[in-house]
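Reckoned from all heavy atoms, side chains included, excluding hydrogens, waters and symmetry mates. Note that ligands are numbered from 1 as they come in the structure, with each ligand's atoms numbered from 1 the same way.
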Amino acid sequence: MLQKIDTIKEIRKTIYEWKKLGYTIGFVPTMGYLHDGHKSLIDRAVLENDKVVVSIFLNPTQFSQNEDLDSYPKDIINDTKICEQAGADLIFLPTTNEIYPAGFSTYVTMDKGASEGLCGSSRLGHFNGVCTVVAKLFAVVKPNNAYFGQKDAQQLAVIKQMVRDLNIDINIVGCKIVREADGLAMSSRNSYLNADERVAALSLSKALTHSKNLVDAGLTDVEKIKFEVEKIISQEPLAKIDYVEIVDTIYLKPIKEISSVSMCVIAVFIGKTRLIDNIIFKSVEDSNGNNFT
Ligand code: PAF
């Protein structure tokens with residue numbers, strides 16, 4: 001039976017009991033408004049662990065003032081249904097005050113490495129907020145395995161760097177992007193798109209698929225590939241490019257030539273909605289076909 005807990009004190013008791021019984025714990029941190037992308041993370045966590053915790057917490061420290069914290073979509077009834085269907089054991093649903101009580105003053109910051117560039121440049125302070133909340137949630141849930149989507153490729157790289165840097169003994173699992181039938185990468189923010197913007201948003205996956213076709217056909221010149229991606233997106237009047245980069249899949253640093261581990265990462269405003277997406281050209285894969293990034 002799916003349990004719902006909103007205090008750190010209470011979830012600690014449950015986690016303590018589970019650990020005493022020798023259960024392994026899988027953890028899926030989310031900000032709610034769950035979709036099939038989140039469900040795929042929970043499904044995988046259920047397969048690989050004895051117990052699965054999903055956190056739903058809209059983390060204010062990862063939003064800057066001009067971003068969408070206040071309008072971020074919520075649907076706790078549907079979120080609960082998705083967690084139940086996927087077979088999660090516990091939803092952790094803390095209040096902002098539970099996570100950031102009065103006087104809170106310790107933050108995890110990452111100024112270099114995986115957090116540099118891309119969304120780290122466009123969304124200043126964003127990854128410090130992500131690292132802080134994820135480190136806190138890790139300290140509460142104490143999972144064996146934690147699951148993150150590959151769509152947020154830089155976030156995944158940042159979390160991997162954080163657990164390396166801070167010697168946090170948790171296995172970070174990156175899971176494949178889940179797309180709508182027409183190619184749009186699933187995202188809670190897709191709900192902001194009106195009908196015209198929803199069509200315009202297809203320019204992201206269209207451009208990325210084209211870039212992969214070019215690489216598969218033998219093109220290795222990064223500038224030419226970027227030009228082709230930008231050309232497709234720029235043809236869409238509702239789209240405004242934030243960045244298009246070709247990077248290595250481990251540190252997400254720009255590369256000059258397509259190498260053994262490379263991907264194209266993009267961020268594009270469709271109207272007022274900022275969407276991110278990526279495609280891996282070449283990578284090292286594990287036995288389940290999941291990419292190591
Ligand atoms: O990817 C998200 O939904 C958030 O950034 C996360 C990891 C739950 C931290 O708030």
Under 3.5 Å donor-acceptor pairs involving side-chain atoms of residues 133-149, not counting sequence neighbours:
unit_1, atom_1, unit_2, atom_2, d
Lys136, NZ, Ile99, O, 3.0
Asn144, OD1, Ile25, N, 2.6
Asn145, OD1, Asn171, ND2, 3.0
Asn145, ND2, Asn49, OD1, 2.7
Tyr147, OH, Glu48, OE1, 2.8
Tyr147, OH, Asn49, ND2, 2.9

Quiz item: In the protein, what heavy atom is nearest to atom 5 (O) of ligand 1, and what distance, to one decimal place, separates them?
Solution: Gln155 OE1, 2.7 Å
Self-check item: Nearest neighbour in protein (non-hydrogen) for atom 3 (O) of ligand 1
Solution: Met31 CG, 3.6 Å
Quiz prompt | Pair Asp277 + Arg179, salt bridge at N-O below 4.0 Å | solution = yes
Self-check item: Proximity of Thr30 to ligand 1 by residue part, where a heavy atom lies under 4.0 Å
Solution: backbone
Quiz prompt | Charged N-O contact under 4.0 Å between Lys20 and Glu17 | solution = yes
Quiz item: Just checking, is any N or O donor in the side chain of Ser122 or Tyr243 under 3.5 Å from an acceptor N or O on the other one?
Solution: no
Practice problem: Using a strict 4.0 Å cut-off to heavy atoms of Val133, name the atoms of ligand 1 that fall inside it. | Solution: 9 (C), 10 (O)
Self-check item: Protein contact of atom 9 (C) of ligand 1 - nearest heavy atom, named by residue and atom, plus distance
Solution: Gln62 OE1, 3.3 Å
Exercise. Hey, could you give me each pair passing salt bridge (Lys or Arg N to Asp or Glu O under 4.0 Å) that has a residue in residues 190-201? Not counting sequence neighbours.
Key: Asp182-Arg198
Quiz prompt | Asp152 touching ligand 1 at heavy-atom level, < 4.0 angstrom | solution = no
